[in-house]
Visitor: 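Pasting a structure below so you can have a look.
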Amino acid sequence: MSTGLTDIVKAAPVADYMLAELPEKLPFLASGAATLDFEQIAKEGGDFITVPKLSFDTVAFEKNDGTETSTPGKIYSYKDIAAVAHRKRVRGVDNVVKAALGTGQADVIARAIVSTAAPYWGLEMTRSTVNVLAGLFKTSGPLATSHKKINANTSAGAVLPASSAKLIETMAMLGDSMNDFAGAVMHSKVFSDLLNESNAKAAFVPMAGGQLQAVWMGKPVYLSDLCYASGTDKYKIYHTYLFRPGALFYSWQRDIETLYELEARFPREILTQTADYAVHVRGVKWGVTTTNPADSDYATVGNWATCVLEGTSTAIDSRLIGVACLESNASVAP
């Protein structure tokens, strides 16, 4: 008995194409709200990413005139803790697909696969991101009071859609750091309400290549209908997120890996892609020991907490958390 092609799992040249195309598929990354960060820390392995950070030093200065008696103070640190998601995607490709492409070269079929894989993983990472944000901002979430403006009715009264005034009030929750507000990610129905305002500050501007970019008050807006929404009737509630640059981070634990197995008797190839990534909001922490969380775990309020200064129970300065949320209805029915 000899080893056949069906006994061997071989890597396919998809990962490089994939990582090159992925960033433009992530609205949170394209908006500047998230950065690809902590690469080397993630690649150390494990189910969690722990990153120590220094907190703001808010102690007032002393005069340096030779007369003051100084008492040394502490500079505290805190740690961001992100949970790593391990995901896979399994697809079968019939051999006749290669014939349809006009070649049997593996590189060509790899390019064809990546044309669907990049949007797929971009969608999945976006889905994980909005579930993380849902866990932070839903009722009783760690940011539901300090960083969320509520402008919605749930079962009675007038429908309360998003407006520029309410978004400005949401920005104000970031204090003087609202000046650093860089953009927003929102549901298309929310942006429609901003466009319908009598003195609309929302618009589209032309970009290179003939594309249009949504903007609000001169800031870029990225639309994603994956943004958290609850309810089904006219009182459906939508979350809109306003960000400082780098308020979130994405981290890859390893490059996306694509493996394939040839099943000659069909004939077909089974392609399996694996992705290991973390999505996180700076200033909060994964507060439970659950590993490899599902998106439903990310969206669970009790799994999250705001960071505290090490050795104390004192919460970090809320200005270190650079994301705010507007909770609103929409004037257009679901």
Visitor: May I ask whether Y120 and L29 are part of the same hydrophobic cluster, defined by side-chain heavy atoms of I, L, V, M, F, W, Y residues being less than 4.5 angstrom apart, directly or through others?
Guide: yes
Visitor: Let me check something: any side-chain donor-acceptor pairs from residues 155-176 under 3.5 Å, sequence neighbours excluded? List them with distances.
Guide:
residue, atom, partner, partner atom, Å
S163, OG, K166, N, 3.2
S164, OG, E197, OE1, 2.7
S164, OG, W216, NE1, 2.9
E169, OE1, K149, NZ, 3.1
T170, OG1, K166, O, 2.8

Visitor: Name all residues meeting the salt bridge (Lys or Arg N to Asp or Glu O under 4.0 Å) criterion together with K219; count only those two or more places apart in sequence or in a different chain, and write none if there are none.
Guide: none
Visitor: Are V308 and V281 co-members of a hydrophobic cluster defined by side-chain heavy atoms under 4.5 Å apart?
Guide: no
Visitor: Got a sec, which residues hit salt bridge (Lys or Arg N to Asp or Glu O under 4.0 Å) with R244, two or more places apart in sequence or on another chain?
Guide: none
Visitor: Looking at Q253, H86, R87, which hits side-chain contact (heavy atoms from CB on, under 4.5 Å) with Y277?
Guide: R87
Visitor: Would a hydrophobic clustering, with Ile, Leu, Val, Met, Phe, Trp and Tyr connected at side-chain separations under 4.5 Å, put M186 with I237?
Guide: no
Visitor: Linking Ile, Leu, Val, Met, Phe, Trp and Tyr by side-chain heavy atoms under 4.5 Å, what else ends up with L54?
Guide: I75
Visitor: Starting from L326, can I reach L223 by hopping between I/L/V/M/F/W/Y residues whose side chains sit under 4.5 Å apart?
Guide: yes
Visitor: What pairs with K74 under side chain to side chain contact (heavy atoms under 4.5 Å, CB included), at least two apart in sequence or on another chain?
Guide: Y76
Visitor: F266 and I270: same hydrophobic cluster, using ILVMFWY side-chain contacts below 4.5 Å?
Guide: no
Visitor: Between S328 and N151, is any side-chain donor less than 3.5 angstrom from a side-chain acceptor?
Guide: no
Visitor: With a cut-off of 3.5 Å and sequence neighbours excluded, list every side-chain donor-acceptor pair involving residues 298-306.
Guide:
residue, atom, partner, partner atom, Å
Y298, OH, A83, O, 3.0
T300, OG1, S296, O, 2.8
N303, ND2, D297, O, 2.8
W304, NE1, Y298, O, 2.8

Visitor: Go through F28 and F243 one step at a time and tell me if the ring pair (Phe, Tyr, Trp, His ring centres under 6.0 Å) criterion holds.
Guide: CA-CA 9 Å; F28 291 92; F243 297 99; 5.7 Å; yes
Visitor: Quickly, which of V221, V215, L195 forms a side-chain contact (heavy atoms from CB on, under 4.5 Å) with F204? Name it, please.
Guide: L195
